[in-house]
Amino acid sequence: MSTFRFAIVAILAPLMMSSMAAPVVQRDGQPYQLGNTSVTTIRAKSLNRDYQVFVSLPAGYADTGPPLPVVFVTDADYAFPLVRAIAARVGSDKKSIAPFILVGLSYAVGDTPEYSRRRDYTPTPRPTDGLSSDMPGRPVLFGEAEAYRRFLASDVLPLIAARYRADMTRTTFVGHSYGGLLGAHIVLTSPSMFSKYVISSPSLWYDDDVMFSRQKKFVASNSDLIADIFFSVGALESAGDADMVADLKKFDRAFKARRYPHLTTQLHVWNGRDHLDVFPDMITAALKWAVPATLVKH
């Protein structure tokens, strides 16, 4: 039935059937659920708080067969369902994206997204003058990225390795904004923690450009860096006090200038995109790069 005809029927039906009882629409109040997903709550003992780990398994997943690559995404409340949907859609032809296990890294249980990511994704404490907490009675906190990284390394990655058919030699970290800042911190602290990094619109301006000074120290004291990095930023992110395009180009250049034998980087600037709308374009391209269809043979 055409859209026009459907619209006409919808308009006329109440008039033609006025003598009949109106249809009953049941609303049972059940929440919408995503298939082939699970949520596990993990106690971060050293941090004295809980986190949830979201997992999405590809269609046809079984406990036997070759191990699958794993993609870890920060800001899971937003990124997990989006990445899952894009992977299913773009990878449906099995020509561009291989099946993979998707792991969403949630905010701390009971914390607001802003409160959790300010604390967990930033590498250093910073002055909080003029900043307000969106959790009444709790002070604004920054600078616990290293403690959060250790939690991921000691608890989350081993959980995925033990519970799923995961190839932990083919892992990808995905972070945007403060999540991208966390990714930069991991690269400069423990680069072998993941094999690939998708660092999107990282907040390199944070704490008076502290990541640039850290990068300078790293390249001065390390003869190699074994990692593949996909840098990304929206072209419109050059406005305002922080030029995130220039910052990311500078960060990438410093790595390239060092000529590390086992480091590859690429940088994408998305025309017409800003900090808020660049992620869908970015992650579509990044998944094709991180988990190409040729990765897993069927």
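Contact check for Ile86 versus Ile283: side-chain heavy atoms found under the 4.5 Å cut-off. Taking the side chain as every heavy atom from C-beta outward, Leu159 and Leu157 never approach each other to under 4.5 Å. In this structure, Phe231 and Val233 have side chains that are not in contact, with every pair of non-hydrogen atoms separated by 4.5 Å or more. Looking at Arg49 and Ser116, their side chains never come closer than 4.5 Å, going by heavy atoms from C-beta outward. Side-chain contact between Leu263 and Ile226: absent, with no pair of heavy atoms (C-beta onward) separated by less than 4.5 Å. You'll find the side chain of Tyr121 stays beyond 4.5 Å of the side chain of Glu144, heavy atoms only. In this structure, Pro67 and Met168 have side chains that are not in contact, with every pair of non-hydrogen atoms separated by 4.5 Å or more. Under the 4.5 Å side-chain criterion, counting only non-hydrogen atoms from C-beta, Pro81 is in contact with Leu34.
Under a 4.5 Å side-chain heavy-atom criterion applied to ILVMFWY residues, the cluster that includes Leu276 comprises that residue alone. Clustering of Ile, Leu, Val, Met, Phe, Trp and Tyr by side-chain heavy atoms under 4.5 Å joins Met135 with Tyr115, Leu141. Residue Val109 is found outside any hydrophobic cluster, as its side-chain heavy atoms come under 4.5 Å of no other Ile, Leu, Val, Met, Phe, Trp or Tyr.
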Notebook entry, point to check: What do the steps show when you test Arg117 against Ser177 for side-chain contact (heavy atoms from CB on, under 4.5 Å), and what is the final call?
Noted result: CA-CA 10 Å; Arg117 67 198 309 272; Ser177 192; 4.0 Å; yes
Item checked: Derivation and outcome, side chain to side chain donor-acceptor pair (under 3.5 Å), residues Asp75 and Tyr107 -> CA-CA 7 Å; Asp75 292 297; Tyr107 307 119; 2.6 Å; yes
Next item on the list: Tell me, with the steps shown, if Val291 and Val71 meet side-chain contact (heavy atoms from CB on, under 4.5 Å).
Entry: CA-CA 9 Å; Val291 282; Val71 175; 4.3 Å; yes
Next item on the list: For the pair Val55 and Ile101, evaluate side-chain contact (heavy atoms from CB on, under 4.5 Å) and give the outcome as yes or no after the intermediate values.
Entry: CA-CA 7 Å; Val55 175; Ile101 298 169; 4.0 Å; yes
Checklist line | Criterion side-chain contact (heavy atoms from CB on, under 4.5 Å) on Phe212 and Val210, from CA distance to verdict | finding: CA-CA 5 Å; Phe212 289 103; Val210 67; over 6 Å; no
Got a list of side-chain donor-acceptor pairs under 3.5 Å for residues 178-192, not counting sequence neighbours?
| residue | atom | partner | partner atom | Å |
| --- | --- | --- | --- | --- |
| His185 | ND1 | Arg214 | NH1 | 3.2 |
| His185 | NE2 | Glu146 | OE1 | 2.9 |
| Thr189 | OG1 | His185 | O | 2.7 |

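Residue pairs meeting the side-chain hydrogen bond (donor to acceptor under 3.5 Å, both in side chains) criterion with at least one partner in residues 54-72, sequence neighbours excluded, are Ser56-Arg84. The side-chain hydrogen bond (donor to acceptor under 3.5 Å, both in side chains) analysis of residues 194-206, with sequence neighbours excluded, yields the pairs His176-Ser200, Ser201-Glu237.
Residues Phe173 and Gly175 approach most closely at CE2-N, 3.7 Å, considering heavy atoms. Of all non-hydrogen atoms in Asn271 and Ala235, the two that sit nearest each other are CA-CB, 3.8 Å. Closest heavy-atom contact between Met244 and Pro202: CE-O, 3.2 Å. Nearest heavy-atom pair, Ile97 versus Ala87, reported as atom, atom and distance to 0.1 Å: CD1-CA, 4.4 Å. Heavy atoms only, all atoms of each residue included: Ala166 and Val70 are closest at CB-CG2, 3.5 Å. Of all the heavy atoms in Arg118 and Ser132, the pair that sits closest is NH1-O, 3.3 Å.
The backbone N or O of His262 sits less than 3.5 Å from a side-chain atom of Asp224, completing a donor-acceptor pair. Checked by atom type and distance alone, the side chain of Asn222 pairs as donor or acceptor with a backbone atom of Phe218 at under 3.5 Å.
With sequence neighbours excluded, the residues that form a ring-ring contact (aromatic ring centres under 6.0 Å, His included) with Phe72 are Phe194. Taking Thr264 as the reference, Asp228 meet the side-chain contact (heavy atoms from CB on, under 4.5 Å) condition, with sequence neighbours excluded. A search for side-chain contact (heavy atoms from CB on, under 4.5 Å) contacts involving Ala153 returns Arg149, Met193, not counting sequence neighbours. Considering only residues two or more places apart in sequence or on other chains, Tyr51 meets the ring-ring contact (aromatic ring centres under 6.0 Å, His included) condition with Tyr148, Phe151. Partners of Val39 according to the side-chain contact (heavy atoms from CB on, under 4.5 Å) rule, which considers only residues two or more places apart in sequence or in another chain, are Gln52, Phe54. Annotation: side-chain contact (heavy atoms from CB on, under 4.5 Å) contacts of Lys249 (sequence neighbours excluded): Val245, Arg253, Leu267, Val269.
Around NZ of Lys256, the count of heavy atoms belonging to other residues, nucleotides or ligands within 6.0 Å exceeds 12. Within 6.0 Å of the CZ atom in Arg89, the count of heavy atoms belonging to other residues, nucleotides or ligands does not exceed 12.
If you check the side chains of Arg43 and Asn48, you find a donor sitting under 3.5 Å from an acceptor. There is a side-chain donor-acceptor pair under 3.5 Å between Asp134 and Thr112. The closest side-chain donor-acceptor pair between Tyr164 and Ser38 falls under 3.5 angstrom.
Atom CG of residue Leu152 and atom CG of residue Asp120 lie 9.0 Å apart, to the nearest 0.5 angstrom. We find the CG-OG distance between Asp274 and Ser238 to be 11.0 Å, quoted to the nearest 0.5 Å. Taking OG1 from Thr128 and CZ from Phe142, the interatomic distance works out to 7.5 Å, rounded to the nearest 0.5 Å. Expressed to the nearest 0.5 Å, how far OG1 of Thr124 lies from CG of Asp207 amounts to 3.5 Å. Interatomic distance, CD1 of Ile160 versus CZ of Arg165, reported as 14.0 Å (0.5 Å rounding). The CZ atom of Phe230 sits 10.5 Å away from the NZ atom of Lys288 when rounded to the nearest 0.5 Å.
In summary, of the residues considered (Asp111, Ile42, Thr41), a side-chain contact (heavy atoms from CB on, under 4.5 Å) with Asp50 occurs for Thr41 alone.
Salt-bridge annotation for Asp167 and Arg170: present, with a side-chain N of the basic residue lying under 4.0 Å from a carboxylate O of the acidic one.
Linking ILVMFWY residues whenever their side-chain heavy atoms come closer than 4.5 Å, directly or via other members, leaves Leu236 and Leu204 in distinct clusters.
Between Tyr260 and Phe255, the ring-plane angle classifies as tilted under the 30° and 60° cut-offs.
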